[in-house]
Amino acid sequence: MPLPGRGQLCKNEEKRNLSLGGHVGFDSLPDQLVSKSVTQGFSFNILCVGETGIGKSTLMNTLFNTTFETEEASHYENAVRLRPRTYDLQESNVHLKLTIVDAVGFGDQINKDESYRPVVDYIDMQFENYLQEELKIRRSLFNYHDTRIHVCLYFITPTGHSLKSLDLVTMKKLDSKVNIIPIIAKADTISKSELHKFKIKIMSELVSNGVQIYQFPTDDEAVAEINSVMNAHLPFAVVGSTEEVKVGNKLVRARQYPWGVVQVENESHCDFVKLREMLIRVNMEDLREQTHTRHYELYRRCKLEEMGFKDTDPDSQPFSLQETYETKRKEFLGELQKKEEEMRQMFVNKVKETESELKEKERELHEKFEHLKRIHQEEKRKVEEKRRELEEEMNAFNRRKLAVETLQSQSLQATSQQPLKKDKDKKKSRASWW
Ligand code: GTP
Ligand code: MG
């Protein structure tokens, strides 16, 4: 008999409100949680996607007020490659394991059709690693270094025109996998009125192409107001600099030009403060949560469905993991058998092919042999004939020789007895011989 599901039990449960007689202490739960989290530390992973030299490293240094390792990319990368770098940062007693992933060589190839792929593959690989850890029998998620990307800062070139198709394609491919925050880089290179129009253009292009960017959450009352105001400022137009310039009697981070100073943290100069506020100070936890509950969940669901797992069977009954495993195992074994049979058949066919080839060769050899044999016999017959002819000639010759010798001896005898008669006889005998 199937056990009642969790939902069924809850349905019959009656909840009653009781008051406590005095202080029990579970009101310290949030503090316990905070203390546990602080001990454990946090991880936060940022992916920077943008053209080479757009100001990614400078912005990261400006955001975290430190100097990360930087390595200038050349414009001659054959393909986009992802370069992760992890740092341990500490502020007060909070430890942050920060990973900054650079999409090196982005936008540098002549053919940019596949530029998004290494980025997508990298994000998927981090999800896959996490899923593999989750599926292990002995999991160690507690101290697992979570490398899933929590936010993608997409650096838009400040052209003042519109988004490039590379930007739209890449963001479209990424939007179901990661929280995208689009930012206009090097915003000091674009005038105030142009920037305003550029922002509107970018947002309308993103909407018309169905690109979902990260929206700062407005469901938590504490941050709803600021987040909804900030959502209206997207994409943030930022300026990065680690250079300190004296403005009045204060040292501020700024970019200095012959015609003036752009202060990074001055909100009337750029949106850097807004970005830092939203990314680090207000919504870092939401970005981590969204990554886990939305993007990773989607990856996990698709992956498990691909593997044949389902929540319910065709009769809407809960799907048993054991049954799924058995079905998959059978499918796998069936496929293995099929493959084995195919290979066996292939081997048999190959043997048959080779056998018939060999037979054909043997037949050809046999024919050749017969042909040679016939030629040989013919030649042998001719030689025999020639030999017979020669023998006959020899016999005839010998006969003639014998006759000549006989004649000679007879004539010799006659000459010695009757020289005159001899001549006569000789003539006679020659005539008869011929
Ligand atoms: P790669 O890692 O090589 O792809 O470059 P990057 O995107 O990390 O750019 P990086 O931060 O190295 O900056 C490249 C150049 O742009 C440097 O000369 C920076 O000083 C300059 N730069 C960075 N941020 C800004 C900015 O906001 N405005 C202007 N005008 N220049 C900037
Ligand atoms: Mg860089």
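Counting starts at 1 for both ligands and their atoms, in listed order.
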Considering heavy atoms of the protein only, find what lies nearest to atom 16 (O) of ligand 1 and give residue, atom and distance to 0.1 Å.
-> Lys186 NZ, 3.1 Å
Distance to 0.1 Å, residue and atom name: give those for the protein heavy atom nearest to atom 24 (N) of ligand 1.
-> Gly240 O, 3.6 Å
Using distance alone, with no hydrogens and no angle criterion, decide if Glu128 and Gln132 have a side-chain donor and acceptor under 3.5 Å apart.
-> yes
Out of Leu287, Thr291, Val178, Asn179, which residue meets the side-chain contact (heavy atoms from CB on, under 4.5 Å) rule with Ile149?
-> Val178
Just wondering, is there an N, O or S atom on Ser57 that's nearer than 2.8 Å to the Mg ion (ligand 2)?
-> yes
Has ligand 1 got any nitrogen or oxygen that is less than 3.5 angstrom from a nitrogen or oxygen of Lys56?
-> yes
Note: Arg363-Glu360 ion pair, threshold 4.0 Å (strictly below) = yes
Hey, are Thr242 and Asn61 close enough side-chain-wise for a donor-acceptor pair under 3.5 Å?
-> no
Would you say Arg83 and ligand 1 have an N/O pair spaced under 3.5 Å apart?
-> no
Closest protein heavy atom to atom 29 (C) of ligand 1, given as residue, atom name and distance to 0.1 Å = Arg255 NE, 3.3 Å
NZ/NE/NH1/NH2 to OD/OE distance under 4.0 Å, Lys136 and Glu133 = yes
Between Glu326 and Lys330, is the closest basic N to carboxylate O distance under 4.0 Å?
-> no
Return yes or no for this condition: an N or O of Ile54 is under 3.5 Å from an N or O of ligand 1.
-> yes
May I ask you to say whether Lys368 pairs ionically with Glu364, meaning some side-chain N is under 4.0 Å from a carboxylate O?
-> no
Inspect the contact between Glu384 and Arg387 and indicate whether a charged nitrogen and a carboxylate oxygen are less than 4.0 angstrom apart.
-> yes
Report the nearest protein non-hydrogen atom to atom 30 (N) of ligand 1: residue, atom name, distance rounded to 0.1 Å.
-> Asp188 OD2, 3.0 Å
Does Phe272 have a heavy atom less than 4.0 Å from any atom of ligand 1?
-> no
Protein contact to atom 3 (O) of ligand 1 [nearest heavy atom, distance to 0.1 Å] | Ala73 N, 2.8 Å
How does Phe68 reach ligand 1, by side chain, by backbone, by both or by neither, if only non-hydrogen atoms under 4.0 Å count?
-> neither
For Gly53, is the nearest heavy atom under 4.0 Å from an atom of ligand 1?
-> yes
Is any side-chain N of the basic residue among Lys359 and Glu362 closer than 4.0 Å to the acidic one's carboxylate O?
-> no
Would you kindly say whether Glu289 and Thr293 are connected by a side-chain donor-acceptor distance under 3.5 Å?
-> no
For Val239, is at least one N or O under 3.5 Å away from an N or O on ligand 1?
-> no
Check whether any protein heavy atom sits under 4.0 Å from atom 20 (O) of ligand 1.
-> yes
Any idea which protein heavy atom is nearest atom 9 (O) of ligand 1, and the distance to it?
-> Gly55 N, 3.1 Å
Geometric N/O contact Thr58 with ligand 1, under 3.5 angstrom | yes
Thr52 neighbourhood, listing ligand 1 atoms whose heavy-atom distance to it stays under 4.0 Å = 3 (O), 4 (O)
With under 30° as parallel and over 60° as perpendicular, where do the rings of Phe216 and Tyr214 fit, or are they tilted in between?
-> perpendicular
Would you mind finding which of Ser57, Ala103, Pro158 brings a heavy atom closest to atom 2 (O) of ligand 1?
-> Ser57
